[in-house]
Participant: 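This structure is in structure tokens; I'll ask about it shortly.
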Amino acid sequence: VRRYQLGEKSGTLVAGGNGKGRSSIHLNQPSNLFVDREQNVYVSDSFNHRVMKWIIGAKEGILVAGDQNKGHALTQLSGSSGLFVDTLGTIYVADSSNHRVMRWTPGGKQGTVIVGGKGKGERANQLNCPIDLSVD
């Protein structure tokens with residue numbers, strides 16, 4: 001992930017850039033990002049089933065949601081996708097392959113299902129592979 005200032009040609013590396021992998025310096029299929037007021041960059045790292053936070057100037061990310069293993073437990077994500085971080089640092093992530101949207105409070109070791117999570121479907125309490133989200 002690179003940040004570009006107006007008129008800049010090459011940009012500044014702000015997340016990843018170390019090839020595909022599973023460690024805190026790597027990303028594997030980053031799909032969405034969110035930049036907060038402090039210019040921290042949150043990346044939905046889809047194939048690592050996690051969300052990473054990159055502080056300005058950091059050489060590695062901080063795991064803030066998911067545990068890097070694909071799964072359905074409240075500590076896990078499966079195909080993390082859409083992403084939003086509110087002003088309190090609460091993370092909302094579209095957990096695509098689990099057909100749910102989850103909320104992770106700052107420092108939390110597990111998330112809470114806020115929408116879906118009842119299997120893939122068309123009922124009012126179900127989602128079908130959510131890939132993005134927006135918060136109003």
Side-chain angles (χ1 to χ4, degrees):
V1 176
R2 291 180 125 10
R3 175 180 289 131
Y4 289 86
Q5 300 292 334
L6 189 60
E8 198 174 19
K9 299 270 189 238
S10 59
T12 303
L13 183 68
V14 295
N18 300 296
K20 178 170 57 172
R22 294 177 58 87
S23 76
S24 60
I25 65 168
H26 297 107
L27 296 171
N28 189 358
Q29 199 68 28
S31 61
N32 290 66
L33 63 89
F34 185 89
V35 180
D36 69 12
R37 290 181 181 179
E38 287 80 40
Q39 295 185 354
N40 298 309
V41 176
Y42 294 79
V43 180
S44 189
D45 190 10
S46 291
F47 286 8
N48 281 328
H49 315 288
R50 65 186 182 182
V51 175
M52 299 293 287
K53 175 182 178 180
W54 297 71
I55 297 169
I56 289 181
K59 299 298 180 203
E60 63 184 87
I62 302 164
L63 178 69
V64 293
D67 70 0
Q68 200 166 295
N69 293 309
K70 180 180 180 178
H72 190 71
L74 294 178
T75 58
Q76 297 174 307
L77 297 168
S78 183
S80 54
S81 189
L83 184 61
F84 180 83
V85 182
D86 70 16
T87 57
L88 300 175
T90 302
I91 299 164
Y92 300 84
V93 60
D95 188 11
S96 191
S97 296
N98 282 324
H99 315 289
R100 63 189 182 186
V101 174
M102 295 190 68
R103 175 180 55 221
W104 297 72
T105 56
K109 298 299 179 202
Q110 70 178 33
T112 303
V113 177
I114 60 170
V115 179
K118 306 291 185 194
K120 180 178 177 179
E122 299 175 6
R123 294 189 179 139
N125 65 349
Q126 294 178 306
L127 296 173
N128 186 349
C129 299
I131 58 169
D132 208 353
L133 60 93
S134 181
V135 177
D136 183 4

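All values below come from the heavy atoms of this structure, side chains included, with hydrogens, waters and symmetry mates left out. Because the structure is a prediction, the values reported are computed rather than measured. In what follows, residues are counted from 1 in the order of the sequence shown.
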Participant: Does Asn48 offer a backbone N or O that forms a donor-acceptor pair with the side chain of Arg22 under 3.5 Å?
Facilitator: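 Checking the backbone N and O of Asn48 against the side chain of Arg22, no donor-acceptor pair under 3.5 Å is found.
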Participant: Provide the closest heavy-atom pair for Trp104 versus Gln76 in the form atom of the first, atom of the second, distance.
Facilitator: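 Of all heavy-atom pairs spanning Trp104 and Gln76, the closest is CH2-N, 4.3 Å.
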Participant: To check you understand the geometry: which heavy-atom pair defines the closest contact between Lys59 and Asn18, and what is its length?
Facilitator: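 Heavy-atom minimum between the residues: O-ND2, 4.5 Å.
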Participant: Whether the side chain of Ser96 engages the backbone of Pro130 through a donor-acceptor N/O pair (distance < 3.5 Å, no angle test) should be reported.
Facilitator: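 Yes; at least one donor-acceptor contact below 3.5 Å.
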Participant: Working to the nearest 0.5 Å, report the span between CG of Asn40 and CD1 of Ile62.
Facilitator: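 Between Asn40 CG and Ile62 CD1, I get 8.0 Å after rounding to 0.5 Å.
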Participant: Can you tell me if Phe34 has over 12 outside heavy atoms packed within less than 6.0 Å of its CZ?
Facilitator: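 Yes, enclosed.
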Participant: Using every non-hydrogen atom in the two residues, find where Gln126 and Lys120 come nearest and quote the distance to one decimal.
Facilitator: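 Scanning both residues completely, I find the closest heavy atoms to be NE2-O, 3.7 Å.
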Participant: Would Glu60 and Ser24 count as having a side-chain donor-acceptor pair, cut-off 3.5 Å?
Facilitator: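 On atom types as modelled, these side chains qualify, holding a pair under 3.5 Å.
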Participant: Using every non-hydrogen atom in the two residues, find where Ala65 and Leu63 come nearest and quote the distance to one decimal.
Facilitator: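 Nearest heavy atoms, Ala65 then Leu63: O-CD1, 3.6 Å.
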Participant: Are Val135 and Val51 connected in a single hydrophobic cluster, I mean Ile/Leu/Val/Met/Phe/Trp/Tyr linked by side-chain heavy atoms less than 4.5 Å apart?
Facilitator: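 Yes, it is one cluster - the side chains of Val51 and Val135 are joined through contacts under 4.5 Å.
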Participant: Under a 4.5 Å cut-off applied to non-hydrogen side-chain atoms, are Asp132 and Ser81 in contact?
Facilitator: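 Sidechains of Ser81 and Asp132: no contact.
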Participant: For Leu74, does the CG atom have more than 12 heavy-atom neighbours from other residues, nucleotides or ligands under 6.0 Å away?
Facilitator: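 Result for CG/Leu74: enclosed.
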Participant: Can you confirm whether more than 12 heavy atoms, excluding those of Glu8, are under 6.0 Å from its CD atom?
Facilitator: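 Counting neighbours around CD of Glu8, more than 12 heavy atoms of other residues, nucleotides or ligands fall under 6.0 Å, so yes.
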Participant: Could you state the interatomic distance from CD (Glu38) to NZ (Lys53), rounded to the nearest 0.5 Å?
Facilitator: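 With rounding to 0.5 Å, CD (Glu38) is 7.5 Å from NZ (Lys53).
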Participant: Following the transitive rule for hydrophobic clusters with a side-chain heavy-atom cut-off under 4.5 Å over Ile, Leu, Val, Met, Phe, Trp and Tyr, establish whether Val85 and Ile55 coincide in one cluster.
Facilitator: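 In one cluster: yes.
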Participant: Is any side-chain heavy atom of Asp36 closer than 4.5 Å to a side-chain heavy atom of Tyr42?
Facilitator: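 They are in side-chain contact.
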Participant: Are Ile91 and Leu83 side-chain neighbours, meaning at least one heavy-atom pair lies under 4.5 Å?
Facilitator: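 They are in side-chain contact.
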Participant: Same cluster or not: are Val41 and Leu13 linked, directly or through other Ile, Leu, Val, Met, Phe, Trp or Tyr residues, by side-chain heavy atoms under 4.5 angstrom apart?
Facilitator: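 Each belongs to a different hydrophobic cluster.
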Participant: In Å and rounded to the nearest 0.5 Å, what is the OG to CE distance from Ser80 to Met52?
Facilitator: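 With rounding to 0.5 Å, OG (Ser80) is 11.0 Å from CE (Met52).
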Participant: Do you know the tightest heavy-atom contact between Leu127 and His99?
Facilitator: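 Closest pair (atom of Leu127, atom of His99, distance): O-CB, 3.4 Å.
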Participant: Is there a continuous path of hydrophobic side-chain contacts, each under 4.5 Å between heavy atoms, that joins Leu133 to Val64?
Facilitator: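 Yes: a chain of side-chain contacts under 4.5 Å links Leu133 to Val64.
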Participant: Taking atom CD1 of Ile131 and atom OG of Ser44, what is their separation to the nearest 0.5 Å?
Facilitator: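 Nearest 0.5 Å value for the CD1-OG distance: 11.5 Å.
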Participant: Pick out which of Ile114, Val115, Val93 makes a side-chain contact (heavy atoms from CB on, under 4.5 Å) with Met102.
Facilitator: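 Between Met102 and the candidates, side-chain contact (heavy atoms from CB on, under 4.5 Å) is satisfied uniquely by Val93.
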Participant: Enter the distance from Ser78:OG to Lys70:NZ here, rounded to the nearest 0.5 Å.
Facilitator: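 These two atoms lie 4.5 Å from each other.
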Participant: Sub-3.5 Å donor-acceptor pair from the side chain of Arg3 to the main-chain atoms of Gln39, do we have one?
Facilitator: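 Yes, Arg3 side chain to Gln39 backbone: donor-acceptor pair under 3.5 Å.
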Participant: Which pair of non-hydrogen atoms, one from Phe47 and one from Gln29, has the smallest distance, and what is that distance?
Facilitator: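 In terms of heavy atoms, the two residues are closest at CG-CB, 3.5 Å.
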Participant: With respect to Leu77, which candidate in Asp95, Asp45, Asn98, Asn69 satisfies the side-chain contact (heavy atoms from CB on, under 4.5 Å) definition?
Facilitator: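 Among Asp95, Asp45, Asn98, Asn69, the one meeting side-chain contact (heavy atoms from CB on, under 4.5 Å) with Leu77 is Asp95.
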